[in-house]
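Beneath this line is the structure, given in structure tokens, with notes to follow.
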Amino acid sequence: MVNQTFEQFPETLWVASVQVATVWTNPESAREMDRFGTSNPTNMDKWIESLTFEQRVALCDENRVQTQLLYGEMVLISEVQDDWAHVIIPSQPSHKDDRGYPGWVPAKQLKKVAKRDWRCSKTAAVTEKFAWLETESGEHFLKISYQTQLPLIKEHPDRVEVMTPHGPLFIKKGAVTVFRAATGLKKQDGGQVVQAGEQFLGLEYFWGGMSSFGYDCSGFSYAMHKANGYLIPRDAGDQAKNGEKVSYDQLLPGDLIFFAYEEGKGALHHVGIYYGDGKMLHSPKTGKRIEIIALEGTVYERELCAATRYWHREELK
């Protein structure tokens with residue numbers, strides 16, 4: 001899988017202009033009940049809360065949702081069909097397309113920006129579960145997710161000024177970390193991957209979820225690695241095929257563990273983060289919440305099929 005670099009983008013970029021842009025399988029996938037997630041602005045809290053269990057399950061079982069984009073995340077547009085855009089997401093590696101993850105987004109949730117505005121020496125990444133983008137006067141403008149990353153314009157005493165699809169806005173300094181865009185977030189060890197995930201204990205699972213409004217299993221492992229300086233594939237199958245293979249007796253906190261039907265011999269269906277002491281931190285399935293469980297005696301113990309590591313001690317020296 002090849003991740004497209006910033007320099008390969010055209011001079012005009014397209015970025016997500018809503019809190020979270022859900023990426024659908026095709027333009028017919030979104031339902032009337034999903035309007036709070038397909039509008040601009042979105043209301044992610046209201047959308048997720050309004051869906052019944054059956055309606056949430058259908059996002060998966062009826063193959064409606066592929067993934068999600070965070071506010072300001074860059075995409076390539078390959079096709080426009082009526083009010084929908086087919087996008088490629090370079091920041092989400094996938095076997096489905098060497099350029100990045102593919103899918104459909106309502107065109108009104110994307111905005112064209114100048115590449116010069118997105119080219120920056122430093123980036124601000126949200127480190128709280130949520131942060132508010134504020135106007136210059138301090139009014140709340142938009143509630144954004146953990147690990148939303150935006151170009152830094154300037155650091156002020158109590159706030160950082162960032163470039164957004166809506167122009168310059170501000171975030172409380174304590175809600176972000178600033179890093180050099182050329183080098184990315186500092187790489188941390190597996191223990192930090194686990195620690196990042198612990199703050200989301202109790203958060204409800206959401207199929208296709210890539211934000212702190214709700215993660216699916218592989219979205220959770222992707223985001224916790226992203227927060228610690230590692231770009232890994234988006235989907236569990238790709239996460240299992242890449243990275244360093246780890247034997248079960250050598251597992252360390254932060255490693256990814258994978259599960260397949262037919263007691264580990266069938267199709268891979270789940271990924272969790274190894275917590276240590278025979279436990280797993282994971283986002284289980286629709287109707288469940290992010291939890292830490294002991295594997296022993298569970299269906300997961302019988303279905304364990306692979307383990308990979310994306311963090312490496314030699315990179316941390």
Side-chain angles (χ1 to χ4, degrees), residues 48 53 56-57 59-61 65-68 92 94 129 145-147 188-228 230-311:
I48 292 172
F53 172 79
R56 292 190 194 195
V57 168
L59 295 174
C60 167
D61 288 357
V65 169
Q66 293 293 306
T67 185
Q68 290 180 325
Q92 297 182 27
S94 172
K129 291 180 185 177
S145 166
Y146 180 70
Q147 279 308 299
Q188 306 287 351
D189 64 21
Q192 293 299 112
V193 173
V194 167
Q195 190 172 323
E198 286 179 309
Q199 66 185 305
F200 297 105
L201 288 170
L203 178 66
E204 281 199 69
Y205 176 100
F206 191 73
W207 172 257
M210 290 286 276
S211 82
S212 50
F213 292 96
Y215 292 105
D216 66 11
C217 66
S218 55
F220 182 56
S221 54
Y222 170 95
M224 298 313 111
H225 277 77
K226 177 182 176 181
N228 285 282
Y230 300 96
L231 179 67
I232 72 172
R234 162 63 178 96
D235 285 342
D238 290 333
Q239 291 173 2
K241 290 174 185 174
N242 295 273
E244 175 191 346
K245 302 299 181 282
V246 181
S247 59
Y248 303 144
D249 61 351
Q250 297 294 315
L251 283 170
L252 293 171
D255 292 346
L256 296 182
I257 47 180
F258 301 89
F259 306 90
Y261 296 116
E262 299 172 27
E263 297 193 349
K265 298 179 178 64
L268 189 150
H269 67 86
H270 189 58
V271 58
I273 300 171
Y274 186 68
Y275 187 78
D277 298 324
K279 297 177 181 178
M280 170 174 68
L281 169 66
H282 71 142
S283 186
K285 59 183 179 180
T286 302
K288 301 289 187 181
R289 298 172 183 269
I290 291 176
E291 63 180 2
I292 298 167
I293 62 165
L295 294 172
E296 187 176 0
T298 69
V299 64
Y300 294 113
E301 183 182 34
R302 299 191 298 275
E303 291 186 340
L304 184 62
C305 67
T308 59
R309 180 176 300 155
Y310 285 92
W311 62 275

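Reckoned from all heavy atoms, side chains included, excluding hydrogens, waters and symmetry mates.
- Pairing each heavy atom of L268 with each of C305, the nearest pair is CD1-SG, 4.2 Å.
- Side chain of Y248 to backbone of A306: a donor-acceptor contact under 3.5 angstrom is found.
- For the atom pair OH (Y274) and CE (M280), the distance works out to 11.5 Å, reported to the nearest 0.5 Å.
- To the nearest 0.5 Å, atom OH of residue Y222 and atom CD1 of residue I232 are 8.5 Å apart.
- Inter-residue side-chain proximity for I48 and R56 is flagged as met; some heavy-atom pair is nearer than 4.5 Å.
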Any chance you could lay out the side-chain contact (heavy atoms from CB on, under 4.5 Å) test for L201 and I292, step after step, and finish with the verdict? CA-CA 8 Å; L201 288 170; I292 298 167; 3.8 Å; yes
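- Side-chain contact between I290 and L281 is present, with heavy atoms from C-beta onward closer than 4.5 Å.
- Contact check on D216 versus R234 returns a salt bridge, with a Lys/Arg side-chain nitrogen under 4.0 Å from an Asp/Glu carboxylate oxygen.
- With hydrogens and angles left out, the side-chain atoms of E303 and H269 include a donor and acceptor closer than 3.5 Å.
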How far apart are the C-alpha atoms of Y300 and I293, what are their side-chain angles, what is the distance that settles it, and do they pass the side-chain contact (heavy atoms from CB on, under 4.5 Å) test? CA-CA 10 Å; Y300 294 113; I293 62 165; 3.6 Å; yes
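- Within the 4.5 Å cutoff, side-chain heavy atoms of F259 are placed close to those of L295.
- Around atom NZ of K245, more than 12 heavy atoms belonging to other residues, nucleotides or ligands sit under 6.0 Å away.
- With values rounded to the nearest 0.5 angstrom, Y205 atom OH is found 13.0 Å from K288 atom NZ.
- Legend: residues meeting side-chain hydrogen bond (donor to acceptor under 3.5 Å, both in side chains) with E291, ordered by chain and number and at least two apart, are H282.
- Between V65 and W207, the shortest heavy-atom contact is O-NE1, 3.0 Å.
- The residue from F206, F213, Y215 that alone fulfils the ring pair (Phe, Tyr, Trp, His ring centres under 6.0 Å) condition with F200 is Y215.
- Rounding to the nearest 0.5 Å places NZ of K279 at 12.0 Å from CD of E296.
- A distance-only check finds a donor-acceptor pair linking the side chain of S145 to the backbone of S212 [under 3.5 Å].
- Between the Q192 side chain and the D189 main chain, no donor and acceptor come within less than 3.5 Å of each other.
- The backbone N or O of K241 lies less than 3.5 Å from no partner atom in the side chain of D238, so there is not a single donor-acceptor pair.
- Across V193 and N228, no two heavy atoms sit closer than the pair CA-ND2, 3.5 Å.
- Considering only heavy atoms from C-beta on, M224 comes within 4.5 Å of Y146 through its side chain.
- With 3.5 Å as the limit, one finds no donor-acceptor pair spanning the side chains of S218 and Q239.
- Residues L256 and H225 form a side-chain contact, since some pair of their non-hydrogen atoms from C-beta on lies under 4.5 Å apart.
- Nearest heavy atoms, V271 versus S221: CG1-OG, 3.9 Å.
- In this structure a side-chain-to-backbone donor-acceptor pair under 3.5 Å is missing from Q250 to V246.
- Considering every non-hydrogen atom in both A307 and I257, the closest pair reads CB-CG2, 4.0 Å.
- The minimum heavy-atom distance linking M210 with T67 is given by the pair CG-OG1, 3.4 Å.
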Using side-chain contact (heavy atoms from CB on, under 4.5 Å), reason through W311 and D255 one step at a time and then give a plain yes or no. CA-CA 8 Å; W311 62 275; D255 292 346; 3.2 Å; yes
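- Checking side-chain atoms of Q92 against main-chain N and O of Q68 turns up a donor-acceptor pair under 3.5 Å.
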